[in-house]
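A short write-up of the structure that comes next.
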Amino acid sequence: MNIFEIYLEKIKNIIVKLSKENQIVIPDNLNSINVDIPPAQFKCDISTNVALVLSKINKQDPFELAQNLSKLIKNKDKNIDTINVAKPGFINIKFNNFFWNDFSKKVLNLKDEYGSNTKGKKLKYLIEFVSANPTGPLHVGHCRGAILGDVISNILIFNNHNVSKEYYVNDHGNQIMNFTKSVFFRIREIKYGEKFPTNNNELYPGDYIIDIAKDIISKKIKLEFDDFDKISNKLKKLAIEQSLLMIKSNLKNLGIFHDNFQSETKIIENKEVQLVIDLLKKKKFVYEGKIEAPISEDNKDWVERKQLLFKSTDFGDDKDRALQKSDNSWTYFASDVAYHNNKINRNFDILINILGADHAGYIKRITSVVEALSNEKNKLICKVSQLVKLIKDNKPFKMSKRKGDYITVEDLINQVGKDATRFIMLSRSSDVELDFDFDKVKEKSKENHLYYVQYCYARICSVFRKINKDINEDVENISYDFNYGEEEIKILNKISQWPKHVDIASKKLEPHRIPVYLYELASDFHSYWNMGRDDKKKRFIDEDNKIANDKLVFLKIISNTIKIGMQIVGVNTPTKM
RNA sequence: GCGCUCUUAGCUCAGCUGGAUAGAGCAUCGGUUUUCUAAACCGAGGGUCGAAGGUUCGAAUCCUUCAGAGCGCGCCA
């Protein structure tokens, strides 16, 4: 029930027919023809640029062409009230009451599927997000990407795609060793009263390491904590297990659940790295060579040497990328190459990676690898979420790695709650930095968009409560002979735009469009609600505590649309506030 | 130095798969509650869409150059 799509189809059919009858010429590609939301001042429901697109190729005045086409569009269409041609050659269509009756009925019947694109091809997506190192709890920095990935998944699922959500666990490498060592020292601290070394800045000082140490001790596993090297592998497994539990609990509190946790170690143990590098060698994308020293400040200790490199410059990267370290172990990149090959072999149509802004420089090489391996150009799509600037007491709040000086997801949820966190993290495009103001987030006003939208839903629920109806029950057995006025149609019109916003959000992987739309819809509704003060006809319940059928359907489809949207965002719609 | 992202009202941002007179919120000023939720609503002022070129019938949107901000640029992960 996307009226923009329906009319686009109709218009395309008309011009294709005309071209077959040799009455007009049409371009091979009709993609630039659109049916869009007209600016408010034109007081119509949809508009199209067909005439403007066709005028040049037909050497005809667009205004005149538009007039001719509009006659054909209007012809026998029982939905159209008026059809006008505006200045350069836009065709503006206003629907009649019959249409809005029919529209409200259809939306009502679609229930929680309204806005979902059921026509498109069903694709298999793999979306990798969060993938934070399992060396500690999630902090605010991870939060935005986590929510972004989750809601992109929700949108794709809503549009009938198949989505697998994955977390890549970097349980291999130096960081993990440092982390394990930290746990080791904490265990010795607890067991033998040895002081945790403070002079080693490779170690993780955070208090959560103590918790992990305690948890491991409480398991009473037979393990001697005297020689780190002897037990490092066993302890590593235990420590990672604990920190993953912590991370999963953080994610759960954000309302996020992954389908799969893919271990880096497993990929290395399965020899998948060697396999993929052989494969790339065969394709001539891997060679032995030298790369230049990095430009960063302290590259004095840079030793130029021959090493195994991936030819990412073939795909437009600045330089080729190292696959092997000097001790012959694989680089992080190498195992990630194997991981992506693993993804490709699982036969997904599209791979999506959600990355933090600090990893944006990594995109080129990884998309290059995926292209080299799959021979498909846009197989892997990387979305970057920009930084979150924390603001407390009107001042930027800087997080540092020093102990206790960073805000975890847990802190965030305890202070502002899951829903507000989700809604605000999504309220801006992922391409721009986001100010996260602790004080404003907790405010319960228009400033806080979550409450503004929830309040709209709660207001509708209050009407249902008043007349002893259940908001979740279906509206049935109603004859549709409503006569909606201008104000109601304004909102119905807004609702008609919902599928279009979902569609763009889905195609461009831009979830912020959903909260932005919901805010606008809520605003229209609040506005309507307040009309009831001056105009009794605008109130939902009459003197006899009854509601008219048109008002009932009206409320039902508004609340329905809000609920669908809020479910995609992953927040609650309380019935009372 | 190179790469990615950003630059729209005093502030925070929508709008960008090219379209018509560029929209919200906050802040400022002025109003609304015998009424289904005032966590709300209505009104007013506020703009060279960073700058300059280009493509186009048409540019905030696409391209080029420049300026400013953020992030990144290791055999780290």
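Hydrogens, waters and symmetry mates play no part in the numbers below; they use all other heavy atoms, side chains included. Just so it is clear: chains get the letters A, B, ... in the order the sequence lines come, proteins before strands, and each one is counted from 1.
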What's the closest nucleotide to the [X] side chain, out of [options]?
X        : options                : result
A:Glu264 : B:rG70, B:rA77, B:rC75 : B:rA77
A:Lys508 : B:rC71, B:rC57, B:rU17 : B:rU17
A:His512 : B:rA14, B:rC71, B:rC75 : B:rA14
A:Pro39  : B:rU17, B:rA77, B:rA20 : B:rA20
A:Leu52  : B:rG19, B:rC76, B:rA20 : B:rG19
A:His359 : B:rA14, B:rA77, B:rA40 : B:rA77

Could you check A:Pro38 against A:Gly173 and say which one's nearest nucleotide on RNA chain B is further toward the 5' end?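 Its nearest nucleotide being more 5', the pick is A:Pro38.
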For [N] and [M], measure between their [atom1] atoms and round to the nearest Å.
N      : M      : atom1 : answer
B:rA67 : B:rA27 : C1'   : 29 Å
B:rC49 : B:rC4  : C1'   : 23 Å
B:rU34 : B:rG30 : C1'   : 24 Å
B:rU33 : B:rC26 : C1'   : 24 Å
B:rG54 : B:rA59 : C1'   : 11 Å
B:rC16 : B:rU8  : C1'   : 12 Å

Do the ring centers of [X] and [Y] come within less than 6.0 Å of each other?
X        : Y        : value
A:Tyr167 : A:Phe129 : no
A:Tyr528 : A:Phe554 : yes
A:Tyr452 : A:Tyr457 : no

Flag the pair [X] and [Y] as a salt bridge only when some basic side-chain nitrogen lies within less than 4.0 angstrom of an acidic carboxylate oxygen.
X        : Y        : result
A:Glu486 : A:Lys43  : no
A:Glu488 : A:Lys538 : yes
A:Lys490 : A:Glu487 : no
A:Lys306 : A:Glu288 : no
A:Asp314 : A:Lys311 : yes
A:Lys319 : A:Glu292 : no

Report the relative orientation of the aromatic rings in A:Tyr362 and A:Phe333; use parallel for angles under 30°, tilted for 30 to 60°, perpendicular for over 60°.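 Perpendicular: the ring planes of A:Tyr362 and A:Phe333 meet at over 60°.
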Looking at [X], I'd like to know whether one of its side-chain N or O atoms comes within less than 4.0 Å of OP1 or OP2 on [N].
X        : N      : value
A:Ser527 : B:rC42 : yes
A:Lys507 : B:rU17 : no
A:His449 : B:rC13 : no
A:Tyr362 : B:rG74 : no
A:Lys43  : B:rA20 : no
A:Lys87  : B:rU21 : yes

Does [N] pair with anything, Watson-Crick or G-U wobble, both distances under 3.5 Å, and if so, with which nucleotide?
N      : value
B:rG18 : none
B:rU12 : B:rA24
B:rG45 : none
B:rA38 : none
B:rG72 : B:rC2
B:rA67 : B:rU7

Which nucleotides of nucleotides 33-38 of chain B have their base under 4.0 Å from a protein heavy atom (B), which only their sugar-phosphate (S), and which neither (-), written as one string 5' to 3'? --BBBB
Dump the pairs, protein N or O against N or O of nucleotides 1-7 of chain B, anything under 3.5 Å, distances to one decimal.
from	atom 1	to	atom 2	distance (Å)
B:rU5	O2'	A:Asp431	O	2.8

Checking all strands, does A:Ile291 fall into the base, sugar-phosphate, or nothing category for heavy-atom contacts under 4.0 angstrom?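 The answer is sugar-phosphate, as A:Ile291 gets under 4.0 Å only of primed atoms, P, OP1 or OP2.
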Indicate, with a heavy-atom threshold strictly under 4.0 Å, whether A:Thr331 touches base, sugar-phosphate, or nothing.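 Sugar-phosphate: the residue A:Thr331, judged by heavy atoms under 4.0 Å, touches backbone atoms but no base.
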The criterion is salt bridge (charged side-chain N to carboxylate O under 4.0 Å, His left out); which residues satisfy it with A:Lys551, sequence neighbours excluded?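 Result, salt bridge (charged side-chain N to carboxylate O under 4.0 Å, His left out) vs A:Lys551: none returned.
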Distance-only donor-acceptor test, A:Ser523 side-chain atoms vs B:rA24 base atoms, 3.5 Å: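 Donor-acceptor pair under 3.5 Å: no.
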